Amino acid sequence: MSATIENFLKKTATADMQEWPRDAVLYQPYEEEQILLAENASCLAVRTYFKMLKLPVALEQRANAEFISPGGKRTKLPVLRVENFIYAEFDHIVTFVEQNFGKSMSEFLSQDDKDTMRTSICLAEHILTNAEHYVSWSLKEVRDTVTKQRNGCVYPFPLNYVQNWRKENAIQRQLKRTEFHDADLAKVVDVVHHLLTDLSGRLGDKKYFFGDRPTELDALVFGHLYSIITMPLPNSVLAENVSLHDNLVQFCKNIDRAYFSVK
């Protein structure tokens with residue numbers, strides 16, 4: 001395909017794209033009293049993604065955020081509403097924004113780097129999300145003193161017990177499909193340690209994973225690592241593992257300062 005035809009197609013596609021709506025809304029659970037570790041990580045990753053893209057989106061905290069879906073069923077968080085469309089979780093939201101509005105932070109990457117980025121996103125999200133679920137729901141000291149209290153706080157008795165039971169069963173079914181099935185804490189920590197070591201090596205002394213410009217990978221990793229570091233839990237083993245990597249800690253501080261600090 002000649003460069004002239006390619007340029008023509010790009011201009012035509014851009015002309016057909018919609019403008020980003022000013023009334024886009026992102027739904028998440030109440031941050032102070034309700035949201036759990038894995039949910040907070042996912043919600044923060046998406047919020048960071050929109051800040052890096054400089055796309056305005058209103059944040060609305062709701063007790064029933066995980067049930068805001070077309071079928072009314074429990075869905076992954078956060079939930080994005082754009083006009084009449086509803087999308088949930090990081091990957092689906094990123095794909096929706098790229099395909100419908102042509103917005104991407106990784107256009108400057110080579111195809112090989114894009115493939116590496118997508119693989120890293122999938123791996124990091126899989127391991128960190130399931131490790132966060134494991135700590136929240138499989139460690140008794142965390143489950144009984146933090147997780148159940150936060151997850152059930154928006155429901156009256158005895159519905160809070162029913163909702164905790166349903167949520168715990170759903171998470172345990174999910175964990176059974178992963179390498180954390182019947183694992184002890186040492187195994188979980190070992191898997192997370194290898195991931196963090198790989199991420200630390202990829203980051204090196206760079207500002208972002210692919211140089212001086214952020215990509216979707218930076219938003220996702222920040223969401224998880226910052227949530228792990230800052231959410232107080234009676235067992236801080238995940239935070240302790242993150243703290244072993246000075247460049248990952250500094251990476252979190254830099255993004256927090258650049259995109260979330262009041263200026």
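Quick caveat: nothing in here was measured; it's all calculated off a predicted structure.
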**OP:** Apply side-chain contact (heavy atoms from CB on, under 4.5 Å) to Leu248 and Leu225, showing your working.
**Re:** CA-CA 8 Å; Leu248 293 180; Leu225 299 191; 4.1 Å; yes
Original post:
If you measure from CZ on Arg177 to CZ on Arg173, what distance do you get to the nearest 0.5 Å?
Top reply: 8.0 Å
Please list, one pair per line, the donor and acceptor atoms closer than 3.5 Å that link side chains of residues 36-45 to other protein atoms, with sequence neighbours excluded.
{"residue": "Glu39", "atom": "OE1", "partner": "Leu36", "partner atom": "N", "Å": "3.2"}
{"residue": "Glu39", "atom": "OE2", "partner": "Lys167", "partner atom": "NZ", "Å": "2.6"}
{"residue": "Asn40", "atom": "ND2", "partner": "Ser227", "partner atom": "OG", "Å": "2.7"}
{"residue": "Ser42", "atom": "OG", "partner": "Leu77", "partner atom": "O", "Å": "2.4"}

Subject >> Heavy-atom check, side chain of Thr116 versus side chain of Arg202, under 4.5 Å >> reply: yes
Subject >> Closest heavy-atom pair and its distance - Arg150, Ile35 >> reply: NE-O, 2.7 Å
**OP:** Could you note down all residue pairs passing ring pair (Phe, Tyr, Trp, His ring centres under 6.0 Å) where residues 230-257 supplies at least one of them, sequence neighbours left out?
**Re:** Phe209-Phe251
Original post:
So if you build clusters from Ile, Leu, Val, Met, Phe, Trp, Tyr with side-chain heavy-atom gaps below 4.5 Å, do Leu244 and Val135 land together?
Top reply: no
Subject >> Pair listing, salt bridge (Lys or Arg N to Asp or Glu O under 4.0 Å) test, anchored in residues 203-219, at least two apart >> reply: none
Subject >> Where Tyr87 and His92 come nearest, the two heavy atoms and their spacing >> reply: CD2-O, 4.2 Å
Subject >> Leu80 side chain reached by Val46 side chain, heavy atoms, under 4.5 Å >> reply: no
**OP:** Look at the side chain of Tyr226 and the backbone N and O of Ile255, then say whether any donor-acceptor pair between them is shorter than 3.5 Å.
**Re:** no
Original post:
Going only through I, L, V, M, F, W and Y residues with side-chain contacts under 4.5 Å, is there a path from Ile93 to Leu55?
Top reply: yes
Original post:
If you take all heavy atoms of Val79 and Ala65, which pair is closest and at what distance?
Top reply: CG2-O, 3.6 Å
Please list, one pair per line, the donor and acceptor atoms closer than 3.5 Å that link side chains of residues 156-165 to other protein atoms, with sequence neighbours excluded.
{"residue": "Asn164", "atom": "OD1", "partner": "Asn151", "partner atom": "ND2", "Å": "2.8"}
{"residue": "Asn164", "atom": "ND2", "partner": "Lys148", "partner atom": "O", "Å": "3.1"}
{"residue": "Asn164", "atom": "ND2", "partner": "Asn160", "partner atom": "O", "Å": "3.3"}

Original post:
Phe50: what forms a ring pair (Phe, Tyr, Trp, His ring centres under 6.0 Å) with it, not counting sequence neighbours?
Top reply: Trp20
Original post:
Distance from Trp137 atom CH2 to Asn169 atom CG, nearest 0.5 Å?
Top reply: 9.5 Å
Subject >> With Asp91 via salt bridge (charged side-chain N to carboxylate O under 4.0 Å, His left out) - residues at least two apart >> reply: none
Original post:
How many angstroms lie between atom CD1 of Ile86 and atom CZ of Phe96, to the nearest 0.5 angstrom?
Top reply: 11.0 Å
**OP:** Could you tell me the separation between the CD atom of Gln34 and the SG atom of Cys153, rounded to the nearest 0.5 Å?
**Re:** 5.5 Å
Original post:
Excluding sequence neighbours, so at least two apart, what forms side chain to side chain contact (heavy atoms under 4.5 Å, CB included) with Glu60?
Top reply: Val25, Tyr27, Arg62
Subject >> Side-chain heavy-atom pair Phe85, Asn100 within 4.5 angstrom cut-off >> reply: no
**OP:** Is it possible for you to say whether Leu217 and Leu123 belong to one hydrophobic cluster, with membership spreading through side-chain heavy-atom contacts below 4.5 Å?
**Re:** yes
Could you give the side-chain donor-acceptor pairs of residues 187-196 under 3.5 Å, partners two or more places apart or in another chain?
{"residue": "Lys187", "atom": "NZ", "partner": "Glu179", "partner atom": "O", "Å": "3.4"}
{"residue": "His194", "atom": "ND1", "partner": "Asp190", "partner atom": "O", "Å": "2.8"}

Original post:
Can you find a pair of side-chain heavy atoms, one from Pro56 and one from Arg22, that are under 4.5 Å apart?
Top reply: yes
Subject >> Sequence-distant partners of Glu32, side chain to side chain contact (heavy atoms under 4.5 Å, CB included), two or more places apart >> reply: none
**OP:** Given side-chain hydrogen bond (donor to acceptor under 3.5 Å, both in side chains), test Arg257 with Asn254 step by step and report yes or no.
**Re:** CA-CA 5 Å; Arg257 188 181 305 116; Asn254 291 342; 3.3 Å; yes
**OP:** Search all heavy atoms of Ser138 against all heavy atoms of Leu175 and return the closest pair with its distance.
**Re:** OG-CD1, 3.9 Å
**OP:** Return yes if some donor-acceptor pair links the side-chain N/O of Tyr49 with the main-chain N/O of Leu220 below 3.5 Å, else return no.
**Re:** no
Subject >> Contact list for residues 112-122, test salt bridge (Lys or Arg N to Asp or Glu O under 4.0 Å), sequence neighbours left out >> reply: Asp115-Arg118
**OP:** Applying salt bridge (charged side-chain N to carboxylate O under 4.0 Å, His left out), name anything that partners Glu31, two or more places apart in sequence or on another chain.
**Re:** Arg47
Subject >> Heavy-atom pair of closest approach, residues Ile229 and Cys252 >> reply: CD1-SG, 4.2 Å
Original post:
Do Val237 and Asn241 come close enough that some side-chain heavy atom pair is under 4.5 Å?
Top reply: yes
**OP:** Mind checking the CG-CD spacing from Leu26 to Gln61? Nearest 0.5 Å is all I need.
**Re:** 10.5 Å
**OP:** Quick one: pull up OG1 in Thr129 and NZ in Lys76 and give me the separation to the nearest 0.5 Å.
**Re:** 7.5 Å
Original post:
With sequence neighbours left out, which residue pairs that include part of residues 228-240 fulfil the side chain to side chain donor-acceptor pair (under 3.5 Å) condition?
Top reply: Glu141-Asn235, Ser236-Glu240
Original post:
Phe222 and Thr48: which non-hydrogen atoms are nearest, and at how many Å?
Top reply: CD2-OG1, 3.3 Å
